[in-house]
Amino acid sequence: MTTNTKITTRTVEYPADGLTMIGHLALPAGVDRRPAVLLGPEGTGLSDVERRRADALAELGYVALAFDLHGGRYLSDPEEMLARCMPLLADPYRMRGIGHAALDVLRTEPRTDPDRIAAVGYGTGGAIGLELGRDGVDLRAIGTVNALTTGRPGEAARIRCPVWAGVGSEDPIMAPAQREAFTAEMQAAGVDWRLAVYGGALHAFHHPQVDHTVRPGVGYHPQHARRAWRDVVDLLAECLPVTAGRP
């Protein structure tokens with residue numbers, strides 16, 4: 001894929017989970033309809049890291065919406081983040097509600113080809129992408145990092161697209177038992193799935209270092225962060241190509 005840096009961005013507000021969410025929409029150059037990516041953040045919430053990723057996807061030719069989790073807030077306190085995210089992760093209906101609300105915004109953007117959308121997410125944002133798949137949403141691909149969440153029995157059979165997942169080998173939050181449960185669910189459901197294990201990486205290895213306290217087992221791994229991003233871009237190139245005339 002080629003890079004076009006003439007992108008435009010804007011903030012979008014929309015209701016979800018009883019909050020006013022504040023997402024970041026990035027549009028590629030031109031006026032034609034393009035394939036689109038719904039981009040979900042880690043449990044701390046939408047930050048400049050995800051905004052830059054949405055911009056990078058727009059430079060590649062995608063419409064990209066980095067969606068919000070916490071009504072415009074970034075939860076730098078780990079305890080506050082867990083207090084919000086743990087009940088959310090335990091409630092698939094809430095996760096799907098947040099995902100559908102953002103997906104509706106992305107679908108109604110005039111530049112979006114509504115039949116060609118993928119979901120890419122990190123941590124909690126990745127779990128939301130998986131729940132959209134389990135809800136039967138027509139997606140072209142689901143890509144996740146640090147989000148080996150399992151769903152309710154049988155619902156993975158409703159996933160209609162390839163699933164790619166990445167995880168650090170030393171991630172204590174997504175430990176080997178969690179990997180096995182996730183891959184068993186995908187396999188039993190007949191999903192086209194892949195799992196990349198990045199050797200020596202911790203949880204949130206993709207996220208540049210922050211200046212606030214983080215949970216134990218969290219750490220940045222620059223080399224694997226670059227590799228995981230390339231893997232995401234490769235997934236999109238395979239399942240959601242930008243080139244005109246391709247499926």
Student: Measure from the side-chain N and O atoms of His221 to the backbone N and O of Gly168, and report whether any donor-acceptor pair falls under 3.5 Å.
Tutor: no
Student: If we only count heavy atoms from C-beta on, is the Arg160 to Val137 side-chain gap below 4.5 Å?
Tutor: no
Student: When clusters are formed by joining ILVMFWY residues with side-chain heavy atoms under 4.5 Å apart, either directly or through shared neighbours, do Val232 and Val37 land in the same one?
Tutor: yes
Student: Between Arg230 and Ala225 (side chain of the first, backbone of the second, donor and acceptor by atom type, cut-off under 3.5 Å), is there such a pair?
Tutor: no
Student: Parallel, tilted or perpendicular: which describes the rings of Phe205 and His224, with under 30° parallel and over 60° perpendicular?
Tutor: perpendicular
Student: Could you tell me if Arg51 sits above the aromatic ring of Phe67, with its cationic atom closer than 6.0 Å to the ring centre and no more than 45 degrees from the axis?
Tutor: no
Student: Taking the side chain as C-beta and beyond, is there a heavy-atom pair between Pro153 and Glu185 under 4.5 Å?
Tutor: no
Student: Could you tell me if Tyr198 and Asp231 have a donor-acceptor pair between their side chains, going purely by distance under 3.5 Å?
Tutor: yes
Student: Do you know the tightest heavy-atom contact between Ala156 and Met186?
Tutor: CB-CE, 3.9 Å
Student: Quick one: do Asp32 and Arg111 make a salt bridge, cutoff under 4.0 Å?
Tutor: yes
Student: Indicate whether the side chain of Asp55 and that of His24 have a donor and an acceptor atom separated by less than 3.5 Å.
Tutor: yes
Student: With a 4.0 Å cut-off, would you call Asp113 and Arg34 a salt bridge?
Tutor: no
Student: Check whether any side-chain heavy atom of Arg152 sits under 4.5 Å from a side-chain heavy atom of Pro92, and report yes or no.
Tutor: yes
Student: Of all heavy-atom pairs between Arg134 and Arg158, which one has the smallest distance, and what is that distance?
Tutor: O-CD, 3.2 Å
Student: I'd like to know if the side chain of Asp77 and the backbone of Glu79 have a donor-acceptor N/O pair within less than 3.5 Å.
Tutor: yes
Student: Under 3.5 Å, is there a donor on one side chain and an acceptor on the other for Asn146 and His207?
Tutor: no
Student: Salt bridge between Arg53 and Glu59, side-chain N to carboxylate O under 4.0 Å?
Tutor: no
Student: For Arg73, is there an ion pair with Glu80 - N to carboxylate O distance below 4.0 angstrom?
Tutor: yes
Student: Do Glu109 and Arg10 meet the salt-bridge criterion of a basic N to acidic O distance under 4.0 Å?
Tutor: yes
Student: Check Ala165 against Leu148 and note the closest heavy-atom contact, atom names and distance.
Tutor: CB-CD2, 3.6 Å
Student: Sub-3.5 Å donor-acceptor pair from the side chain of Arg140 to the main-chain atoms of Leu240, do we have one?
Tutor: no
Student: A side-chain contact here means heavy atoms from C-beta on lying under 4.5 Å apart; do His70 and Arg84 qualify?
Tutor: yes
Student: Between the side chains of Glu155 and Arg96, is the shortest nitrogen-to-carboxylate-oxygen separation below 4.0 Å, so that they form an ion pair?
Tutor: yes
Student: Quick one: does any side-chain atom of Thr149 pair with a main-chain N or O of Ala127 as donor and acceptor, under 3.5 Å?
Tutor: no
Student: With distance as the sole test, does Glu50 use its side chain to make a donor-acceptor pair with the main-chain N or O of Ser47 at under 3.5 Å?
Tutor: yes
Student: Taking C-beta and beyond as the side chain, do Ile159 and Trp193 meet within less than 4.5 Å on heavy atoms?
Tutor: no
Student: Would the distance check show the side chain of Thr44 and the main-chain N or O of Ser76 forming a donor-acceptor pair, the cut-off being under 3.5 Å?
Tutor: no
Student: Could you check if a side-chain atom of Leu27 sits within less than 4.5 angstrom of a side-chain atom of Ile7, using non-hydrogen atoms only?
Tutor: no
Student: Can you check whether Pro114 reaches Arg33 side chain to side chain, under 4.5 Å on heavy atoms?
Tutor: yes
Student: Could you tell me whether the side chain of Pro35 reaches within less than 4.5 Å of the side chain of Val242, counting heavy atoms only?
Tutor: yes
Student: With ring centroids as reference points, do Tyr122 and His206 lie under 6.0 angstrom apart?
Tutor: yes
